[in-house]
> 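Below is a structure I'd like to ask you about.
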2 protein chains.
Amino acid sequence: MDSAEETTGGYRPWSEVTPDAARRLLVAAVEAFAERGYHATTTRDIAGRAGMSPAALYIHYKTKEELLHRISRIGHDKALEILETAAGGPGSAAERLDAAVRSFVLWHAAHHTTARVVQYELDALAPEHRGEIVELRQRSDAAVRRILAEGVAAGEFHVPDVPGTTLAVLSLCIDVARWFNAAGRRTPDEVGALYADLVLRMVGAAPDGSGTPRK
Amino acid sequence: MDSAEETTGGYRPWSEVTPDAARRLLVAAVEAFAERGYHATTTRDIAGRAGMSPAALYIHYKTKEELLHRISRIGHDKALEILETAAGGPGSAAERLDAAVRSFVLWHAAHHTTARVVQYELDALAPEHRGEIVELRQRSDAAVRRILAEGVAAGEFHVPDVPGTTLAVLSLCIDVARWFNAAGRRTPDEVGALYADLVLRMVGAAPDGSGTPRK
DNA sequence: AAGGTCGCTAAGCGCTTGCTCACCCTCCGG
DNA sequence: CCGGAGGGTGAGCAAGCGCTTAGCGACCTT
């Protein structure tokens, strides 16, 4: 419930959104969209959570959809940055895949409120905004596919269907935003470690060195 | 687009819904909810798709939410039946896990319109209806967890975290409903086969006999 | 002190929503 | 030929929606 806690914990997100009133509205919108969904959220609710009158929203954003677009854009930028950093990093393909899944899942769990909006409210965007976002998602797909292809070429992975497995890996990570519950048993780090191990198994990499004894 | 095609292809679903007008309304609601989401769908749109006036909806259903509940209930019953049939079937744990994932994914892909409503519109249900559905989902979780636990006990699987892996397997399968596109490259059967293989790898079962040569 | 700007509000407009109600067909037993 | 019943419609209600507009007070510059 106290998701203001989440959104300020750690690396202090939304710092790129100014002025202060615009950021407060955006954070309020993230919470409301994540709880009820975009269409079930009213502009009055968003403004109320930010401690403002309904009209105040329209000083900083032209429409309710612009709010969603801003949230979606910032979130996708962050998600893509995480994947591309891991994909372009040092180490073997297995190490990079581990890092990519671990950090991608960590972000989806730790910021599941934001991630839920980013990953599941895409259809509510206007067509031209949706196109822009879809492009970012294709680059995320390319980053993961690159790691898999390189791992196969290096003989580290055994993957018969690289595009299909890429899709499955991303799908698995993204869905964390749907089920993860901050009040649940697992910490974001634990889920990241579990998922990194599962994905390494999926690609046929030896699970040694990642904390999973073979017996 | 022509998802009437989908909903009548194969085993002819919704046959349990009578009379005919009630079924037409329900099928129309599935299509509309899947396309736009529950909250963005109007009762006028549903009635229009079924070729009726807006008022006709309320002859067969008390509210719009009752429509969603009926859809969700029937869909969850079907999904649970698929998993429990596979879990209670004959064969080794690996064979049963293969069957469970394959058939569960097949259903989510072939009936992705229905599955999308069933899996992603849960929050729109009234509290008492949601509780009923959550119970069914827990039984789905138990069915998969049972296969995993038996496979570990029999030495077939190597799974350090059975509850966590159960969650991941179900999450992976469910998310098919989000991304699957009938106009895409893969058939539901192909996705089922791919996912069954990936899941067997996740649990550390030898992928022999499922079409994935080790080299 | 005057005047301009900026962030914000109270009030409300035009429209759509879920849902209702009075009425009307068509069918069917007597 | 009648009368009741059940599936259907046209019109519309109260409420709530996204968004606009006129105006207000605090603050800055001159």
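For clarity, every value in this text was computed on a predicted model and none was experimentally measured. In what follows, every chain begins at residue 1, and chains take the letters A, B, ... in the order their sequences are listed.
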> Report the distance from atom CD1 of I46(A) to atom C1' of dC19(D), rounded to the nearest whole Å.
13 Å

> From the options dG8(D), dG18(D), dC8(C), select the nucleotide whose nearest atom is closest to the side chain of A21(B).
dG8(D)

> Aromatic rings Y195(B) and W179(B): how do their planes relate, parallel, tilted or perpendicular, breaks at 30° and 60°?
tilted

> Please pick, from dG12(D), dC17(D), dT9(C), the nucleotide with the shortest atom-to-atom distance to any side-chain atom of I59(A).
dT9(C)

> From C-beta outward on A55(B), which listed nucleotide comes closest to its side chain: dC19(C), dA10(C), dC21(C)?
dC21(C)

> Find the distance H39(A):NE2 to dG16(D):C1' and express it as a whole number of Å.
17 Å

> Answer yes if the side chains of Y120(B) and D175(B) hold a donor-acceptor pair under 3.5 Å, and no otherwise.
yes

> Just the rounded figure in Å: distance from P of dG7(C) to CZ of R23(A).
14 Å

> Think T43(A) has a side-chain N or O under 4.0 angstrom from the OP1 or OP2 of dG18(D)?
yes

> When you compare the side chains of Q119(B) and H108(B), does any donor N or O come within less than 3.5 Å of an acceptor on the partner?
yes

> Take the protein atom CD of E66(B) and the nucleotide atom P of dG18(C), then report the distance between them rounded to whole Å.
15 Å

> Could you say whether G51(A) or T63(B) is positioned toward the 5' end of DNA chain C, judged by the nucleotide with the nearest heavy atom to each?
G51(A)

> Among dC8(C), dG12(C), dA10(C), find the nucleotide with the atom closest to the side chain of M52(A).
dC8(C)

> In whole angstrom, what separates L25(B)'s CG from dG7(D)'s C1'?
12 Å

> Under a 3.5 Å distance rule, please check whether K64(A) uses its side chain to pair with a backbone N or O of Y38(A) as donor and acceptor.
yes

> Please state how far atom OH in Y61(B) lies from atom P in dG7(D), giving the value in whole angstrom units.
13 Å

> Closest-nucleotide mapping onto DNA chain D: is A40(A) or K62(A) further toward the 5' terminus? I mean the 5' end.
A40(A)

> Measure from CG on L68(A) to C1' on dG18(D) and round the result to the nearest Å.
15 Å

> So does R139(A) pair up with E135(A), basic N to acidic O under 4.0 Å?
no

> Indicate, yes or no, whether a donor-acceptor pair under 3.5 Å links the base of dG18(D) to the side chain of R44(A).
yes

> Counting the atoms with a prime plus P, OP1 and OP2 as sugar-phosphate, which does S53(A) contact under 4.0 Å by heavy atoms, base, sugar-phosphate, or nothing?
base

> If you check the Y58(B) side chain, which of dG7(D), dT20(C), dC8(C) turns out closest?
dT20(C)

> Could you give the CZ-to-C1' distance, from R36(A) to dC17(D), as a whole number of Å?
15 Å

> Please state whether the phosphate of dC8(C), meaning OP1 or OP2, lies under 4.0 angstrom from any side-chain nitrogen or oxygen of H60(A).
yes

